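One structure below.
Excluded from the calculations below are hydrogen atoms, water molecules and symmetry mates; all remaining heavy atoms, backbone and side chain alike, are included. Here the structure is a predicted model, which means the values were calculated and not measured.
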Amino acid sequence: MVTELSISTAAGVFDAIVAGPPEGRPVLLLHGFPQTGLAWRRQIAALATHGYRVVAPDQRGYSPGVRPERPEDYRIGALVDDVLAITEELGWSSFDLVGHDWGGAVAWWTADAHPGRVRTLTVVSTPHPGALATTLRTDQDQRERSRYMIDWREAPATEEHMLADDAAALRASYAGKVPQDSAEAYVRHLSRPGALTAALNWYRAGRPDGAIGVIDVPTLYVWSTEDSAFGPAAAQETGQWVGGPYRFETLQGVSHWVPEEAPETLNLLLLEHLRAHGDYGTTAKSPTADSQNR
């Protein structure tokens with residue numbers, strides 16, 4: 001049974017979706033742009049059915065209760081702090097972390113900064129930030145794919161463009177790959193006053209304060225060949241930035257919207273990854289996978 005949850009932190013109140021037995025092994029799911037925690041509904045159902053305790057928050061700016069106005073309040077350090085604050089409020093000393101798109105970036109940075117808290121890491125679409133930085137310097141294809149990140153920093157022009165004509169451009173961004181009811185829910189959510197600006201502030205926040213390192217926790221990275229934002233060079237480079245057990249899976253013919261376009265495939269990969277590293281469906285023990293699983 002999926003229920004709604006309010007999570008109070010020092011930064012404000014996060015809205016979230018929760019499912020699964022309270023005593024189940026905890027999993028945190030982080031959405032990207034332009035979505036909400038609803039993006040994970042198929043994964044939430046699958047994980048809860050297998051005994052996991054699953055929470056998918058609407059992240060900073062997407063939750064009305066945590067919507068600061070300044071772009072600098074959306075820097076990566078604040079987003080990582082949100083993950084720690086949410087999981088501490090939930091009483092999770094350790095947890096499995098899953099992210100897609102911007103949620104994937106936050107997941108990489110969290111695993112780097114707090115490896116003792118993150119039991120396993122699963123990232124969908126988004127390459128390791130170090131891999132992305134490398135390919136932005138060396139790969140023209142990735143530079144072209146990432147140009148939108150610069151364009152979207154223009155305010156308020158970006159919001160006006162995305163919401164014009166009944167949010168035609170925002171709707172088009174889902175490319176027909178997101179279920180219609182979910183796309184409509186995202187558009188309604190982001191059409192509310194201040195919501196889209198807050199979401200775009202993730203792009204306007206500026207560079208991270210420091211450098212990210214090699215990830216040592218067991219990591220699953222899922223990339224799809226029709227992803228318009230992240231190309232093969234960054235995807236392939238990501239393995240150079242993981243020192244722990246690593247699994248890289250490529251989904252052929254699938255777009256950027258993997259959790260909703262290919263939910264069954266992603267669910268199988270995610271469940272396999274979780275089972276391989278820690279007690280299945282139960283609360284916390286440290287990962288015991290040996291490095292030969294790389």
Side-chain angles (χ1 to χ4, degrees), residues 18-31 40 42-57 80 83-84 86-88 90-100 103-131 212-224 235 238-251 258-259 262-294:
V18 60
E23 70 279 6
R25 176 173 157 181
V27 183
L28 190 72
L29 305 173
L30 303 177
H31 69 85
W40 297 108
R42 297 289 293 276
Q43 287 70 47
I44 292 168
L47 290 168
T49 297
H50 286 85
Y52 294 89
R53 180 64 167 178
V54 192
V55 174
V80 171
V83 172
L84 270 292
I86 288 168
T87 54
E88 286 168 1
L90 292 169
W92 295 357
S93 60
S94 63
F95 54 94
D96 298 285
L97 184 58
V98 184
H100 172 249
V106 176
W108 284 117
W109 282 95
T110 302
D112 176 65
H114 302 281
R117 297 289 303 278
V118 178
R119 183 186 297 105
T120 70
L121 175 67
T122 299
V123 178
V124 185
S125 303
T126 316
H128 184 287
I212 190 171
V214 171
I215 304 302
D216 291 326
V217 303
T219 299
L220 168 65
Y221 175 46
V222 181
W223 175 75
S224 49
T238 289
Q240 303 302 313
W241 291 83
V242 181
Y246 180 57
R247 181 176 180 181
F248 174 40
E249 291 288 340
T250 298
L251 305 188
V258 174
E264 293 84 1
T265 301
L266 179 59
N267 291 350
L268 287 172
L269 292 171
L270 179 55
L271 286 166
E272 288 175 2
H273 181 55
L274 296 178
R275 288 168 178 162
H277 304 285
D279 287 353
Y280 165 59
T282 63
T283 49
K285 284 194 177 180
S286 297
T288 58
D290 75 55
S291 59
Q292 294 183 0
N293 287 334
R294 282 176 59 84

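- Between T238 and F248, every side-chain heavy-atom pair lies at or beyond the 4.5 Å cut-off.
- Partners of W241 by ring pair (Phe, Tyr, Trp, His ring centres under 6.0 Å), not counting sequence neighbours, listed by chain and number: H128.
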Report the C-alpha distance between L271 and Y52 in whole Å, list the side-chain angles of each, state the deciding distance to 0.1 Å, and finish with yes or no for side-chain contact (heavy atoms from CB on, under 4.5 Å). CA-CA 10 Å; L271 286 166; Y52 294 89; 3.9 Å; yes
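- With rounding to the nearest 0.5 angstrom, the CG atom of N267 is 11.0 Å from the CD atom of E272.
- Between I212 and G130, the closest heavy-atom pair is CG2-N, 4.0 Å.
- Inter-residue side-chain proximity for L28 and W92 is flagged as met; some heavy-atom pair is nearer than 4.5 Å.
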Kindly determine whether F95 and L90 satisfy side-chain contact (heavy atoms from CB on, under 4.5 Å), including the steps that lead there. CA-CA 11 Å; F95 54 94; L90 292 169; over 6 Å; no
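- Distance alone, capped at 3.5 Å, places no donor-acceptor pair between the Y246 side chain and the D216 backbone.
- In this structure, the side chain of H273 engages the main chain of L121 through a donor-acceptor pair within 3.5 Å.
- Nearest approach of W109 to P129, heavy atoms of both residues: NE1-CG, 3.5 Å.
- W108 places a side-chain N or O within 3.5 Å of a backbone atom of P127 that can act as its donor or acceptor partner.
- Of all the heavy atoms in V217 and P115, the pair that sits closest is CG1-O, 3.7 Å.
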Verdict with reasoning, L269 to L251, per side-chain contact (heavy atoms from CB on, under 4.5 Å): CA-CA 11 Å; L269 292 171; L251 305 188; 4.3 Å; yes
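- Using modelled atom types, one side-chain atom of R25 and one backbone atom of L274 make a donor-acceptor pair closer than 3.5 Å.
- Test L30, T122, T120 against L97 for side-chain contact (heavy atoms from CB on, under 4.5 Å) and you get one pass: L30.
- Nearest heavy-atom pair, L29 versus P57, reported as atom, atom and distance to 0.1 Å: O-CD, 3.2 Å.
- With hydrogens and angles disregarded, a donor-acceptor distance shorter than 3.5 Å links the side chain of R117 to the backbone of S93.
- Rounded to the nearest 0.5 Å, atoms CZ (R53) and CD (E23) are 8.5 Å apart.
- Of all heavy-atom pairs spanning G116 and S94, the tightest one is O-CB, 4.5 Å.
- Contact annotation: the side chain of V55 never approaches that of T87 to less than 4.5 Å [non-hydrogen atoms, C-beta and beyond].
- Between E249 and L220 the shortest heavy-atom distance is CG-CD1, 4.1 Å.
- Side chains of Q240 and V214 form no contact here, defined as non-hydrogen atoms less than 4.5 Å apart.
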Before you tell me yes or no, could you show the steps for R247 and V222 under side-chain contact (heavy atoms from CB on, under 4.5 Å), namely the whole-Å CA-CA distance, both residues' side-chain angles and the distance that decides it to 0.1 Å? CA-CA 8 Å; R247 181 176 180 181; V222 181; over 6 Å; no
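- Within the 3.5 Å criterion, the main-chain N or O of P259 finds a donor-acceptor partner in the side chain of Q43.
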